[in-house]
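Have a look at the structure below, then the notes.
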Amino acid sequence: MLGRNIISIADFSSIELKQVLDVSTWMKNNNIDPLLHGKTLALVFEKPSLRTRVSFEVAMQRLGGNTISLSSSEIQLGKREPVKDAARVLARMVDVIAARTHEHSTITTLGEYSSVPVINALSDREHPCQSLADLLTLREHFGNLKGIKIAYIGEGNNVARSLAFASVMMGIDLTIACPENYKLPDETMITIKNLKGDGSVSQTDDPSLAISDAAAVYTDVWASMGYEHELELRRNIFKPYQLNNELLSFAPNDILIMHDLPAHRGDEITEEIIESDHSIVFDQAENRLHAQQGLLALILSDFKL
Ligand code: CP
Ligand code: NVA
């Protein structure tokens, strides 16, 4: 994986994905020598962040490296200068770039023109780093990933797409429940069909059906960053998809509750569900740090377990 761009979760093979999880688990339980001493990460954010920013910075710090955080108002990717120029300039000065962008094409252009690895820290299309933490969390709770059933209730968005790819590759059976016009598009479902792995992804508009035999249920915001102006409209459309006691009455009693955060209580999830004993949302958040450490170690060094 040394030197690899991580633009999509599908940039990994199933074996590599397992390797990232294994190294991340190891990093969670062990202190290591400053593996990335002298290495610098440039973090570029066109959108707000808490978990992604802090997990990348702390991960670099724990591995002995440095981080430079750059906001979009500072570098104005694509406005002050073309994305391809910024990519080549950054690559002359740092060892890895992680970027959170509006358009997925900004990430792919960075990846194309940078001679150092580029990590997708969330784009409109995917959130691969979130999926790493989600897999790590699921594996901690269930022992392994193969054969577990997960429901995702909400928009077929960036988080859902990465989770879908990861599920196929790791042998998870994922059912997405989503209003008709917000499902993962056919083109994504074709990509899913062509991925190697034992898992499966299906889509329905019936959330009670999706959760009926699920070991965990995952939700995300109804309006992602950049789409907040559609929230009022979406509130009507997504109302039957709220994770609440009524919906959860159709689920197994021990179902686990997942959310990538930030959560909007009263929209996609109720206060009592996110605060329930079955909620593992803060395990997911913590695992962002361990997954980031595992990923950075593998793409910036020859670390082996
Ligand atoms: N889940 C996640 O990516 O959180 P942030 O937007 O706060 O980074
Ligand atoms: N789908 C959400 C995820 C936030 C971490 C968004 O893109 O805003």
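Values reported hereafter were calculated over all heavy atoms of this structure, with side chains retained and with hydrogens, waters and symmetry mates removed. Read the numbers this way: they start at 1 and go in the same order the structure lists the ligands and their atoms.
When each atom of ligand 2 is checked for a heavy atom of L261 under 4.0 Å away, the hits are 5 (C). Close contacts of ligand 2 with N157, meaning ligand atoms under 4.0 Å from a residue heavy atom, involve 1 (N). Listed by number with element, the atoms of ligand 2 under 4.0 angstrom from any heavy atom of D260 are 3 (C), 4 (C), 5 (C). Each of the following atoms of ligand 1 lies closer than 4.0 Å to a heavy atom of L50: 5 (P), 7 (O), 8 (O). Using a 4.0 Å cut-off to heavy atoms of L122, the atoms of ligand 2 that qualify are 3 (C), 4 (C), 5 (C), 7 (O).
Between P262 and ligand 2, a contact under 3.5 Å exists for no N or O pair. Residue H127 has no N or O atom closer than 3.5 Å to an N or O atom of ligand 2. The distance criterion of under 3.5 Å between nitrogen or oxygen atoms is not met by M225 with respect to ligand 1. Taking only nitrogen or oxygen atoms, main chain and side chain alike, R53 does not reach within less than 3.5 Å of ligand 1. Note: an N/O pair closer than 3.5 Å links N158 and ligand 2 by distance alone. Taking distance alone, with nitrogen or oxygen atoms compared against 3.5 Å, D220 approaches ligand 2 more closely than that limit.
Residues T137 and D283 bring no donor and acceptor atom of their side chains to less than 3.5 Å of each other. In the model, N66 has no side-chain atom that pairs as donor or acceptor with a side-chain atom of Q61 under 3.5 Å. Between the side chains of T52 and R100, at least one donor N or O lies within less than 3.5 Å of an accepting N or O. For the residue pair Q242 and N244, a side-chain donor N or O sits within less than 3.5 Å of a side-chain acceptor on the partner. Side-chain contact, T67 with E57: no donor N or O sits under 3.5 Å from an acceptor N or O. Side-chain atoms of N157 and Y152 form a donor-acceptor pair, as typed in the model, at a separation below 3.5 Å.
Looking only at heavy atoms of the protein, atom 4 (O) of ligand 1 is closest to R51 NE, 2.8 Å. Among protein heavy atoms, atom 3 (O) of ligand 1 sits closest to H127 NE2, 2.8 Å. Distance from atom 6 (O) of ligand 1 to its nearest protein heavy atom, with residue and atom name: R100 NH1, 2.7 Å. The shortest contact between atom 2 (C) of ligand 1 and any protein heavy atom is with R288 NH1, 3.3 Å. If you check which protein heavy atom lies closest to atom 8 (O) of ligand 2, you get M225 N, 2.8 Å.
Proximity of L122 to ligand 1 is not established, as no heavy-atom distance is less than 4.0 Å. Contact between T52 and ligand 2 is absent, with no heavy atom of the residue lying under 4.0 Å from the ligand.
Side-chain heavy atoms closer than 4.5 Å link hydrophobic residues (I, L, V, M, F, W, Y) into clusters, and following such links, possibly through other members, connects I192 to I148.
Note on R234 versus E155: salt bridge recorded, some NZ/NE/NH1/NH2 to OD/OE distance being below 4.0 Å.
Note on ring orientation: taking the six-membered ring where Trp is involved, the planes of W26 and F303 are tilted (angle from 30° to 60°).
With a 4.5 Å cut-off on side-chain heavy atoms, L295 and L132 count as touching.
In this structure, T188 contributes its side chain and L184 its backbone to no donor-acceptor pair below 3.5 Å.
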